[in-house]
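The block underneath contains the structure these notes are about, expressed in structure tokens.
Residue numbers run from 1 in the order of the sequence given. Please read these numbers as outputs of a predicted model, since none were measured by experiment.
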Amino acid sequence: MTLLTTLTASTSGVPDTGLAGFVADVMGSVGLLGVGLILAVETILPFLPSEVALPLAGFSANRGDFGLVPVIAAATVGSVGGALVLYWISLKFGLERTRAVLSKVPFVTEHDIDKGVAWFARNDAMAVFWGRMVPGIRSLISIPAGVERMSIKRFLIYTTAGSLIWNVIWIVSGYQLGENWESVEKYGNVLKYVLVAAVLVLLAWFVVYKIRVRRRAA
């Protein structure tokens, strides 16, 4: 029996214990606002994996608790809101102070922050867009965006687009599986690897494309 299955065992499909039970309680108590809050917290504090929260939100939509589109919208607003918090913190504090503060947060390391900085260095806009779909990078890509004072308009556009795609994938998966939403875990790691591989390939293609364009213009 897997960890997620253990945490979420329930005859109705609704988890009542563990981390997933907490997520279900929040969503059940405050509705769509709870969905947004959970995703905002998940973006800032990675101890709460979106791979649990999003399929559960999809299952809630399947049950008729919420509409599918409103759930996706609430999750995306929450994700962007959390990303904006990290963007603002890094904008005000700078990289070193932000790294020092966030590295004290459980499950966040300086290495994780540096990975986000490295991604951003390749191309700011595409790094933010694709980074929102890469586990381990999703939250922390907001830090170099703030440090480098990326235009807030561009940051919002690319963060929203990347967050929307990520949320749709996981929410729709939970929606389609219904009471078996927790079985998303069986395929979750495979899906993560596929997404990461796709992002890396597309990012590499984009970098090569930009280099060729610059050489032609030279």
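Taking both residues in full, the closest heavy atoms of Val71 and Ala61 are given as CG2-CB, 4.1 Å, listed atom of the first, atom of the second, then distance. Between Met27 and Ser60 the shortest heavy-atom distance is SD-OG, 4.4 Å. Looking at every heavy atom in both residues, Ala161 comes nearest to Phe129 through CB-CE1, 3.6 Å. A pairwise comparison of heavy atoms in Val35 and Ala57 identifies CG1-CB, 4.5 Å as the closest pair.
The structure places CG of Leu32 at 11.0 Å from CG of Leu37, a figure rounded to the nearest 0.5 Å. A distance of 12.5 Å separates CD1 in Ile171 from CD in Gln176, rounded to the nearest 0.5 Å. The distance from atom OG of Ser163 to atom CE of Met133, rounded to the nearest 0.5 Å, is 8.5 Å. Taken to the nearest 0.5 Å, the OG atom of Ser90 stands 9.5 Å off from the CZ atom of Arg149. Here the CZ atom belonging to Phe93 is positioned 6.0 Å from the CH2 atom belonging to Trp88, to the nearest 0.5 angstrom.
Tyr87 places no side-chain N or O within 3.5 Å of a backbone atom of Ile141 that could act as its donor or acceptor partner. In this structure, the side chain of Thr159 does not engage the main chain of Leu156 through any donor-acceptor pair within 3.5 Å.
Both Ile169 and Tyr158 sit in one connected hydrophobic cluster of ILVMFWY residues. Membership requires side-chain heavy atoms under 4.5 Å apart, directly or through other members. Note: the hydrophobic cluster containing Ile44 does not contain Val77 (ILVMFWY, side chain heavy atoms under 4.5 Å, direct or indirect links).
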Should Met150 and Phe155 be marked as a side chain to side chain contact (heavy atoms under 4.5 Å, CB included) after you check the CA-CA gap, both sets of side-chain angles, and the distance that decides it?
-> CA-CA 7 Å; Met150 180 182 185; Phe155 177 75; 4.2 Å; yes
Take Leu54 and Leu39 through the side chain to side chain contact (heavy atoms under 4.5 Å, CB included) test and state the conclusion after the steps.
-> CA-CA 8 Å; Leu54 292 172; Leu39 267 296; 3.8 Å; yes
In sequence, state the C-alpha distance, the side-chain angles, and the governing distance for Glu148 and Leu91, and then conclude on side chain to side chain contact (heavy atoms under 4.5 Å, CB included).
-> CA-CA 8 Å; Glu148 297 299 326; Leu91 179 69; over 6 Å; no
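Between Trp166 and Thr76, the closest side-chain pair of non-hydrogen atoms is not below 4.5 Å.
Ser79 pairs in a side-chain contact (heavy atoms from CB on, under 4.5 Å) with only one of the listed residues (Thr160, Asn167, Ile38, Leu84), which is Asn167.
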